[in-house]
Amino acid sequence: NEFHKSEPAPDYFFGREKELYHLVSYLDRFRHNRPTPSVLLTGEAGVGKSTLMNRLSTLAESDPFFILSYQCVQTEQELYLKPWTDILHNALVLCNTNGIPNVPLPGLFSEQMDASLFATQYELCAQRIIQALSSDVEQKKVLLFIDDIQWMDPASLRLLANLLHWSKNETMMAVLTVRDDCAQNLRSWKSTLESKGLLAELAVPRFTKDETIEIIRQYHPAILGQPE
């Protein structure tokens with residue numbers, strides 16, 4: 001019983017006020033049609049990037065956005081365009097559930113289609129779906145959350161960059177996460193987008209000692225009196 005008394009509320013979110021402030025500011029600019037970069041959250045594995053991104057997604061649910069999310073995993077790193085297969089499927093579901101007319105899509109599975117053409121077809125599909133969603137009567141925009149982009153295959157990364165160039169963050173904004181120890185592999189990809197003002201990096205550092213103590217105080221105050 002004592003343990004349950006010390007548990008925080010289910011929606012409890014500790015710290016990260018500065019990082020969350022920046023994210024909400026970007027979101028507000030995007031909502032009001034002001035120039036806004038997409039955001040790349042960087043930090044060590046397990047530092048809280050995903051939690052921070054999910055918190056922003058929760059806050060955005062009450063705003064005029066269509067939200068698309070995807071969790072990249074290492075075992076799918078070699079699967080060609082796997083993230084976009086799922087993202088586009090979910091986007092079409094959004095179109096259907098919101099009464100958006102059928103989106104004219106080019107064929108994706110034609111025989112003898114080479115890899116480069118296949119990727120181009122995916123990109124055309126993504127553009128048309130985003131246009132359809134953002135042309136909705138409620139004038140909603142698209143928010144794309146992708147976790148752990150270090151596990152994206154190269155074609156998926158190129159498609160993501162192309163979409164950010166195409167949309168200029170006017171109809172679509174992305175919030176992405178990447179691990180510090182893998183960010184080096186994305187340096188060229190990231191630098192190109194940053195140079196165009198299409199992407200901004202937001203570092204998520206470790207909690208300080210004082211912040212860690214406060215987390216323990218909120219979750220398990222009984223252990224604070226124990227030896228370090």
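Note that the structure is predicted; figures quoted are calculated from it, not measured. Reckoned from all heavy atoms, side chains included, excluding hydrogens, waters and symmetry mates.
The closest donor-acceptor contact from the side chain of Trp189 to the backbone of Leu157 lies under 3.5 Å. No side-chain donor-acceptor contact under 3.5 Å links Ser191 to the backbone of Ser188. Between the Lys141 side chain and the Glu170 main chain, a donor and an acceptor come within less than 3.5 Å of each other. Counting only distance, with no hydrogens or angles, the side chain of Arg29 and the backbone of Pro35 share a donor-acceptor pair below 3.5 Å. Side-chain atoms of Ser38 come within 3.5 Å of backbone atoms of Ala174 as a donor-acceptor pair (strictly under, hydrogens ignored). Of the possible donor and acceptor atoms, none in the side chain of Lys190 sits under 3.5 Å from a partner among the backbone N and O of Leu40. The closest donor-acceptor contact from the side chain of Ser57 to the backbone of Met53 lies at 3.5 Å or more, if one exists at all. Under a 3.5 Å cut-off, the side chain of Ser135 and the backbone N or O of Ala132 do not form any donor-acceptor pair. Checked by atom type and distance alone, the side chain of Ser167 pairs as donor or acceptor with a backbone atom of Leu163 at under 3.5 Å.
Side-chain contact between Lys196 and His165 is present, with at least one heavy-atom pair separated by less than 4.5 Å. Under the 4.5 Å side-chain criterion, counting only non-hydrogen atoms from C-beta, Met172 is in contact with Leu164. Here the side chains of Val204 and Thr42 are not in contact, with every heavy-atom distance at 4.5 Å or above. Between Gln127 and Ile130, the closest side-chain pair of non-hydrogen atoms is not below 4.5 Å. No side-chain heavy atom of Leu199 sits less than 4.5 Å from a side-chain heavy atom of Pro37. Between Ile149 and Thr177 there is no side-chain heavy-atom pair separated by less than 4.5 Å.
For the atom pair SG of Cys72 and CD1 of Ile146, the computed distance is 6.0 Å after rounding to the nearest 0.5 Å. Distance check, rounded to the nearest 0.5 Å: NZ of Lys168 to CG of Leu198 gives 8.0 Å. Taken to the nearest 0.5 Å, the NE2 atom of His32 stands 10.5 Å off from the CG atom of Leu27. Summarising the geometry, atom CG belonging to Leu88 is positioned 6.5 Å from atom OH belonging to Tyr122; distances are rounded to the nearest 0.5 Å. Atom CD of Glu123 and atom CD of Gln121 lie 10.5 Å apart (nearest 0.5 Å). Here the CG-CG distance, from Leu56 to Leu143, works out to 7.0 Å after rounding to the nearest 0.5 Å.
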Exercise for review: Might you work through the side-chain hydrogen bond (donor to acceptor under 3.5 Å, both in side chains) test for Asp148 and Gln71, ending with a clear yes or no?
Suggested key: CA-CA 7 Å; Asp148 286 331; Gln71 170 68 60; 3.1 Å; yes
Review point. Checking side chain to side chain contact (heavy atoms under 4.5 Å, CB included) for the pair Leu160/Leu176: CA distance, chi angles, key distance, verdict?
Key: CA-CA 11 Å; Leu160 175 58; Leu176 318 165; 4.0 Å; yes
Exercise for review: Could you walk me through whether Val47 and Lys49 pass side chain to side chain contact (heavy atoms under 4.5 Å, CB included), step by step?
Suggested key: CA-CA 6 Å; Val47 80; Lys49 304 181 297 299; 3.7 Å; yes
Practice item. Begin with the C-alpha distance, continue with both residues' side-chain angles, and end with the deciding distance and a verdict on side chain to side chain contact (heavy atoms under 4.5 Å, CB included) for Val142 and Met173. Key: CA-CA 6 Å; Val142 176; Met173 175 182 170; over 6 Å; no
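Each of Ile87, Ile129, Asp86 was scored for a side chain to side chain contact (heavy atoms under 4.5 Å, CB included) with Leu68, with one residue passing: Ile87.
With hydrophobic clusters built from ILVMFWY side chains whose heavy atoms lie under 4.5 angstrom apart, Val178 does not share a cluster with Val73. Neither Leu186 nor Trp151 shares a network with the other; the hydrophobic side chains, linked directly or stepwise wherever heavy atoms of I, L, V, M, F, W or Y lie under 4.5 Å apart, form separate groups for each. In this structure, Phe65 is a member of the same hydrophobic cluster as Leu59, with clusters built from ILVMFWY side-chain heavy atoms closer than 4.5 Å. In the hydrophobic cluster analysis, where Ile, Leu, Val, Met, Phe, Trp and Tyr join through side-chain heavy atoms closer than 4.5 angstrom, Leu202 is grouped together with Val24.
Cation-pi geometry between Lys140 and Phe66 is satisfied (NZ or CZ under 6.0 Å from the ring centre, within 45° of the ring normal).
Taking both residues in full, the closest heavy atoms of Thr171 and Trp166 are given as OG1-CZ3, 4.4 Å, listed atom of the first, atom of the second, then distance. Closest heavy-atom contact between Ala203 and Glu19: O-CG, 3.9 Å. The minimum heavy-atom distance between Glu201 and Glu194, with the atom names listed, is CB-OE2, 3.8 Å.
With 3.5 Å as the limit, one finds a donor-acceptor pair spanning the side chains of Asp153 and Ser156. Checking Arg187 against Gln184 by side-chain atom types alone, a donor-acceptor pair falls below 3.5 Å. Neither side chain, Thr36 nor Asn169, offers a donor N or O lying under 3.5 Å from an acceptor on the other.
Here Arg31 pairs with Asp63 in a salt bridge; the nearest charged N to carboxylate O distance falls below 4.0 Å.
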